[in-house]
Protein chains: 2
Amino acid sequence: MKEFENACREADLKVTHQRLELYRELAQAEDHPSAETLYKRLIKKLPTLSLDTVYRTLATLEKHRLITRVQTIESQARYEAKMDKHHHVVCSRCRTITDFTWDHFDEVQVPKAVVGWGKVIRRNAVLEGICKACARQP
Amino acid sequence: MKEFENACREADLKVTHQRLELYRELAQAEDHPSAETLYKRLIKKLPTLSLDTVYRTLATLEKHRLITRVQTIESQARYEAKMDKHHHVVCSRCRTITDFTWDHFDEVQVPKAVVGWGKVIRRNAVLEGICKACARQP
DNA sequence: TAGTAATTAGGAATTATTCTTGTTTAGTAT
DNA sequence: ATACTAAACAAGAATAATTCCTAATTACTA
């Protein structure tokens with residue numbers, strides 16, 4: 001959290017109660033929550049919190065690269081505070097997103113066609129399948 | 001297009017004028033268009049087309065795996081008809097999505113943690129960077 | 001401790017998508 | 001060819017997700 005505060009100051013972002021709580025909540029969440037989900041969780045601690053603030057804060061923090069917006073095919077945007085290199089595997093049944101690391105993928109050369117395309121800055125693997133919990137069910 | 005018609009029949013989908021035109025348009029598009037974009041393009045040929053039909057048709061074709069919904073962080077859903085294994089590189093500046101193939105990625109083993117997670121059915125690489133056209137500009 | 005620019009709350013507005021209803025049409029059986 | 005029927009369609013209303021607007025509040029600065 002101290003790191004987060006410093007990062008805010010460096011980015012000229014005021015360290016507000018709302019930002020701290022939102023970041024804390026997102027950082028400890030494992031489920032890549034949506035704005036609405038975060039709002040529901042935070043309203044207990046911050047009864048006057050507005051949904052707009054959640055959206056605005058998420059956008060602000062994302063712009064300053066303090067959090068990431070997760071790529072999904074869902075209609076609601078989902079976020080995560082985990083910023084070290086990692087990838088996602090999504091269960092097509094329950095839609096749970098699970099993190100994993102993949103050093104080989106991070107380092108392997110991209111195809112020539114991509115080198116010709118331009119400069120790659122980030123790479124992400126998104127796997128899809130059926131998680132074990134779901135596989136046990138009909 | 002003949003293949004598409006047969007695929008429709010096999011899936012018990014009626015071969016309607018709207019479906020044919022939409023699929024034709026999507027199949028020749030290179031830009032992974034959204035529902036709205038497709039609608040604007042199709043309205044010239046199909047003046048009575050409704051936006052809802054575009055949404056409905058895209059959803060139907062996706063369900064039957066005749067087209068794919070592309071993972072993006074944008075608010076509008078984007079689609080493609082290309083169904084052979086391929087991946088995407090997105091320009092963070094102009095948001096253009098470019099396809100590429102990557103045999104090595106398709107075949108390389110996924111990390112052990114993922115094997116423990118469940119059964120992976122599809123894998124997708126999403127790269128992000130700056131395309132050459134954008135790099136030339138300030 | 002006061003000043004001020006950034007941030008917030010709350011509600012209105014917008015955007016993207018889905019639903020509802022009545023009409024049309026593709027595929028099928030005559 | 002013609003009629004039948006379920007599927008698909010058009011149009012507009014409704015919903016969901018997100019953003020905008022304005023006045024009030026608050027974090028940082030002097």
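Note on naming: letters A, B, ... go to the chains in the order of the sequence lines (proteins, then strands), and numbering restarts at 1 for each one. FYI, side chains are in, hydrogens and waters are out, and symmetry mates aren't considered; it's all heavy atoms of this structure. Predicted model only: the values in this text are computed from it and were never measured.
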Roughly how many Å is it from [atom1] in [X] to [atom2] in [N], rounded to a whole number?
X	N	atom1	atom2	answer
A:Leu13	C:dA5	CG	P	18 Å
A:Leu22	C:dT7	CG	P	14 Å
B:Leu46	D:dA10	CG	C1'	12 Å
A:Leu61	C:dT7	CG	P	11 Å
A:Leu58	C:dT7	CG	P	15 Å
A:Glu21	D:dA27	CD	C1'	16 Å

(message) More than 12 heavy atoms of other residues, nucleotides or ligands under 6.0 Å from CD of B:Gln109: yes or no?
(response) no

(message) On DNA chain D, does the nearest nucleotide to B:Pro47 precede the nearest nucleotide to B:Asp12 from the 5' side, or the other way round? Give the residue.
(response) B:Asp12

With a 4.0 Å limit, can you tell me whether [X] has a side-chain N or O closer than that to the phosphate oxygens OP1/OP2 of [N]?
X	N	result
B:Arg19	D:dA8	yes
B:Gln18	C:dT25	no
A:Thr57	C:dT7	no
A:Arg56	D:dT19	no

Do the side chain of [X] and the main chain of [Y] share a donor and acceptor less than 3.5 angstrom apart?
X	Y	result
B:Thr57	B:Thr53	yes
B:His86	B:Asp84	yes
A:Arg78	A:Asp31	yes

(request) State plainly whether the residues A:Glu62 and A:Arg69 are in salt-bridge range, i.e. N to O under 4.0 Å. (result) no

(request) Please work out which of the three classes, parallel, tilted or perpendicular, describes the rings of A:His88 and A:His32, given edges at 30° and 60°. (result) perpendicular

(message) Assuming nearest nucleotide by heavy-atom distance, tell me which of B:Lys14 and A:Thr48 is located more 5' along DNA chain C.
(response) A:Thr48

(message) For a 4.5 angstrom cut-off between non-hydrogen side-chain atoms, does A:Leu61 reach A:Phe4?
(response) yes

(message) Quick one, A:Thr37 with A:Ser34, criterion side chain to side chain donor-acceptor pair (under 3.5 Å). Give me CA distance, side-chain angles, the key distance, then yes/no.
(response) CA-CA 5 Å; A:Thr37 303; A:Ser34 66; 2.9 Å; yes

(message) Tell me the bend of the helix from C:dT1-D:dA30 to C:dT30-D:dA1 as the angle between end helix axes, each from five pairs, rounded to the nearest 10 degrees.
(response) 40°

Atom pairs, N/O to N/O, protein against nucleotides 11-18 of chain C, distance under 3.5 Å?
unit_1 : atom_1 : unit_2  : atom_2 : d
C:dT17 : OP1    : B:Ala77 : N      : 3.0
C:dT17 : OP2    : B:Tyr55 : OH     : 2.4
C:dT17 : O5'    : B:Tyr55 : OH     : 3.4

(message) Can you tell me which nucleotide in D:dA10, D:dA7, D:dA27 comes closest to the side chain of A:Thr16?
(response) D:dA27

